[in-house]
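Start at 1 with the first residue, then count along the sequence. Counting convention: from 1, in listed order, for ligands and their atoms alike.
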Amino acid sequence: MQASWEIFCSVVDNYGDAGVTWRLARQLAAEHGLRVRLWIDDPAALVRLCPEADADASRRQAGVEICRWPADWQPVEPADVVIEAFACQLPEAHVAAMANCGRRVLWLNLEYLSAEDWVGGCHGLPSLQPGGLQKFFFFPGFAENTGGLLREHGLLERRRAFQADAAARAAFLQSLGVQARPGERLFSLFAYENAALPGWLDALAQHTSPTLLLVPEGRILGDLQRWLDMPALAVGAQAQRGALRIQVLPFVRQDDYDRLLWCCDFNAVRGEDSFLRAQWAGRPLLWQIYPQAEGAHWDKLEAFLALYLEGLSPSGADALQALWRAWNAGEEMGAAWTALQDEWPELCAHAERWCARQAARPDLAAALVQFYTDWL
Ligand SMILES: Cc1cn([C@H]2C[C@H](O)[C@@H](COP(=O)(O)OP(=O)(O)O[C@H]3O[C@@H](C)[C@H](O)[C@@H](O)[C@H]3O)O2)c(=O)[nH]c1=O
């Protein structure tokens, strides 16, 4: 009988917690044939990513048993592997059940993704627990000594086939009500509120070639609306300013968001999961990191830049890091954006190279399964 796994997800805010755990749960079930249960305290977040996931009933979706994590915990038999995502606090009664169920239960704390150096040193370390339980830290990451990155089997092949198929791309865009005009560059924008947005939009509007910017509905719409000087923006809203055309899209299901990224020549993304998906899209990207207290996120941003810029020409690296820093500092983007245009072909080739390099490593789900096998 295959091992059973359960993942606990507490939704802090936004969609990243649900997005990462849902992706991992699906992959463990689909690719490793495991029995997987996902506990989530705010199923509404999951429903945005997978509209079929019922917010109230406990039901199976994509081979995963989805359960509301109730505030008033009722005892259940623990799985063989229990993952607490992002250091969420497991119910005390469940921890006791894990210690007393008469089997060895592996307890993993799956951490947030970071490119920082120290991550490799902490990946796989035990965290001593009373009652004989064995708990370990599991760190996703970009370096050899980390737990790797979430990447489904065959993802890059599917992505490349889609990108090579103009009819499939047009049909997908059409399903979202998007019709690109000849010669338009396609960009996507998924971001938190950002004071740097007007500067970037000005630069796009003044550019010599046309751009269609696709914006799934979300937190950036307020800034966009102010720049456009339009009343509240709803799904389907369109506007043109100079060379820039803008269209507001619905928030699409997670798999369709991948396709949107694959259609675009450039993707502005945020947080953790969309950031990674934009890397797998093999196209240049702009990352808005999740802001943390006391600017702790800047170390993470710089750590990623240090890795990602490796192998780029000095001018390409300068242009990209200037743009990312301005975007995250809420500063003027015009000069950095202009400088980036000269580096465009190199940045495109680099994005594919980076993607291939990262995809050569074992993925996170495979690394988790291997960790369990080694522990047994
Ligand atoms: C725009 C869009 C996104 N998505 C998905 C992609 C991702 O799975 C998810 C967004 O997650 P992220 O990109 O990680 O960004 P986020 O800002 O929503 O989540 C964040 O939450 C914080 C609590 C964490 O600390 C951050 O690290 C980060 O994960 O939404 C769709 O499914 N459809 C869409 O239309």
Quiz item: Nearest protein heavy atom to atom 30 (O) of ligand 1, by residue and atom, and its distance?
Solution: L49 CD2, 3.5 Å
Quiz item: Can you tell me the protein heavy atom closest to atom 7 (C) of ligand 1 and the distance?
Solution: D273 OD2, 3.2 Å
Quiz item: Taking the inter-plane angle between the rings of F371 and H123 on a 0 to 90° scale, is it parallel (under 30°), tilted (30 to 60°) or perpendicular (over 60°)?
Solution: tilted
Practice problem: Looking only at distances, please establish whether an N/O atom of ligand 1 is found under 3.5 Å from an N/O atom of R270. | Solution: yes
Quiz item: With side chains defined as the heavy atoms from C-beta onward, is the minimum distance between R283 and C348 less than 4.5 Å?
Solution: no
Quiz item: Which class fits the ring pair W73 and F8: parallel under 30°, tilted 30 to 60°, perpendicular over 60°?
Solution: tilted
Self-check item: Top protein contact for atom 29 (O) of ligand 1, by heavy-atom distance
Solution: G16 CA, 3.1 Å
Practice problem: Report the distance from atom SG of C122 to atom CD of E111, rounding to the nearest 0.5 Å. | Solution: 9.0 Å
Exercise. Select one of side chain, backbone, both or neither to describe which atoms of R277 lie under 4.0 Å from any atom of ligand 1, heavy atoms only.
Key: neither
Practice problem: Give the numbers and elements of all ligand 1 atoms closer than 4.0 Å to a heavy atom of G19. | Solution: 8 (O)
Quiz item: Using the ring of each side chain (for Trp, its six-membered ring), is Y15 parallel, tilted or perpendicular to F251, with breaks at 30° and 60°?
Solution: tilted
Quiz prompt | Gap between atom CD1 of I289 and atom CG of D299 - 0.5 Å precision | solution = 9.0 Å
Exercise. Return the set of residues passing ring-ring contact (aromatic ring centres under 6.0 Å, His included) with W287 (not counting sequence neighbours), or none when no residue passes.
Key: F275, F304
Self-check item: For atom 27 (O) of ligand 1, the protein heavy atom that lies nearest, with its residue and separation
Solution: E272 CB, 3.7 Å
Quiz item: When you measure from atom 6 (C) of ligand 1 to each heavy atom in Y257, W287, F275, which option holds the nearest one?
Solution: Y257
Quiz prompt | For P216, atoms of ligand 1 separated by under 4.0 Å from a heavy atom | solution = 1 (C), 35 (O)
Practice problem: Give me the ring orientation class for F266 and W337: parallel if the planes are under 30° apart, tilted from 30 to 60°, perpendicular past 60°. | Solution: perpendicular
Exercise. Can you pull out the closest protein heavy atom to atom 35 (O) of ligand 1? Residue, atom name and distance to 0.1 Å, please.
Key: V252 N, 2.9 Å
Quiz item: Where on Y15 is there a heavy atom closer than 4.0 Å to ligand 1, on the side chain, on the backbone, on both, or on neither?
Solution: both
Quiz item: Should one rank Y192, F86, Y112 by closest heavy-atom distance to atom 17 (O) of ligand 1, which comes out on top?
Solution: Y192
Quiz item: For Y290 and ligand 1, does the shortest N/O to N/O distance drop below 3.5 Å?
Solution: no
Quiz item: So which protein heavy atom does atom 2 (C) of ligand 1 come closest to, and at what separation?
Solution: F251 CE1, 3.4 Å
Quiz item: So is R23 polar-close to ligand 1, meaning N/O to N/O under 3.5 Å?
Solution: no
Quiz item: For ligand 1, which part of S274 has a heavy atom less than 4.0 Å away: the side chain, the backbone, both, or neither?
Solution: both
Quiz item: To which protein heavy atom is atom 23 (C) of ligand 1 closest, and what is the distance rounded to 0.1 Å?
Solution: D13 OD1, 3.1 Å
Quiz item: Could you give the distance from CE (M333) to CG (L340), rounded to the nearest 0.5 Å?
Solution: 9.0 Å
Exercise. To the nearest 0.5 Å, tell me how far N267 CG sits from L261 CG.
Key: 4.5 Å
Practice problem: Drop me the distance from W69's CH2 to L38's CG, to the nearest 0.5 angstrom. | Solution: 10.5 Å
Practice problem: Report yes if R48 has an N/O atom closer than 3.5 Å to an N/O atom of ligand 1; otherwise report no. | Solution: no
